[in-house]
Q: 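Please find one structure pasted underneath; my questions will follow.
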Amino acid sequence: RAIALDPMSPIMRNALGIVAEGLGRFRDAEDAFRKAMTIDPLLPSSYSWLAALTAYALGRPADAVPLARKAVALDPGGSDSVFILALLLNDLGEVEEAVRLTADAVRRWPDSRWVWSLAAALQASAGDWKAASQSARKALANDPRDWFALHVLAIADLANGDAGTARAR
């Protein structure tokens, strides 16, 4: 028996956006996230997903920051929103604020793989491969399949001249 899906559900709209993004249909994904925001303007995940899409798929990171800030404002207790905002800020050269957000996130969510992956990414960006590797390992302790942490470790391996280990990851 088929399940009827509510086309006016913002969660469903976000899911459609995620699928469209995965298929490379970025405009459809953007439309789905914006529709979700129209249906429920207080749902932070819509803003987070649209921020990530805008920055990394559509190539407009500066346009994504207000969306990411809105997601954090709507859900200051959500580590995923902080994760996206800190990455965007770091990518745009606002390193001090990104580091401050990350340090606060590590204190608030010490068991979050997202937080440790974020710390690893910022440390790697600063060239601190030892700290990046430590943070990535903490992320992997929470989720051994965390692709982001595995990626940071592989890059750290390459930076240390260990291509064999990097390939094995």
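Throughout, numbering of the chain's residues begins at 1 and tracks the sequence.
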Q: Looking at N142, D143, D146, which one forms a side chain to side chain donor-acceptor pair (under 3.5 Å) with S117?
A: D146
Q: Looking at A86, is its backbone amide N or carbonyl O close enough to the side chain of N90 to form a donor-acceptor pair, meaning the two atoms are under 3.5 Å apart?
A: no
Q: Quick one, W109 with F83, criterion side-chain contact (heavy atoms from CB on, under 4.5 Å). Give me CA distance, side-chain angles, the key distance, then yes/no.
A: CA-CA 11 Å; W109 304 291; F83 176 84; over 6 Å; no
Q: Can any side-chain N or O of Y47 pair as donor or acceptor with the backbone N or O of F33 at less than 3.5 Å?
A: no
Q: Quick check: does any side chain N or O of W116 sit under 3.5 Å from a backbone N or O of V106, one acting as donor and the other as acceptor?
A: no
Q: Return yes when atom CZ of R60 has more than 12 non-hydrogen atoms of other residues, nucleotides or ligands closer than 6.0 Å, and no otherwise.
A: yes
Q: So do D31 and R34 actually touch side chain to side chain, heavy atoms under 4.5 Å?
A: no
Q: Between D63 and L58, is a side-chain contact (heavy atoms from CB on, under 4.5 Å) present by the stated rule, with each step listed?
A: CA-CA 10 Å; D63 294 343; L58 301 178; over 6 Å; no
Q: Does W114 reach the side chain of I84, with side-chain heavy atoms less than 4.5 Å apart?
A: no
Q: Can a donor-acceptor pair be found, under 3.5 Å and without considering hydrogens, that links the side chain of T102 to the backbone of A98?
A: yes
Q: If you measure only the distance, is there a donor-acceptor pair under 3.5 Å linking the side chains of S45 and N14?
A: yes
Q: Show your working on side-chain contact (heavy atoms from CB on, under 4.5 Å) between L153 and S133 and close with a plain yes or no.
A: CA-CA 6 Å; L153 283 176; S133 294; 3.8 Å; yes
Q: Check whether any side-chain heavy atom of E96 lies under 4.5 Å from a side-chain heavy atom of L89, and answer yes or no.
A: no
Q: Side chains of S48 and D80: donor-acceptor distance under 3.5 Å anywhere?
A: no
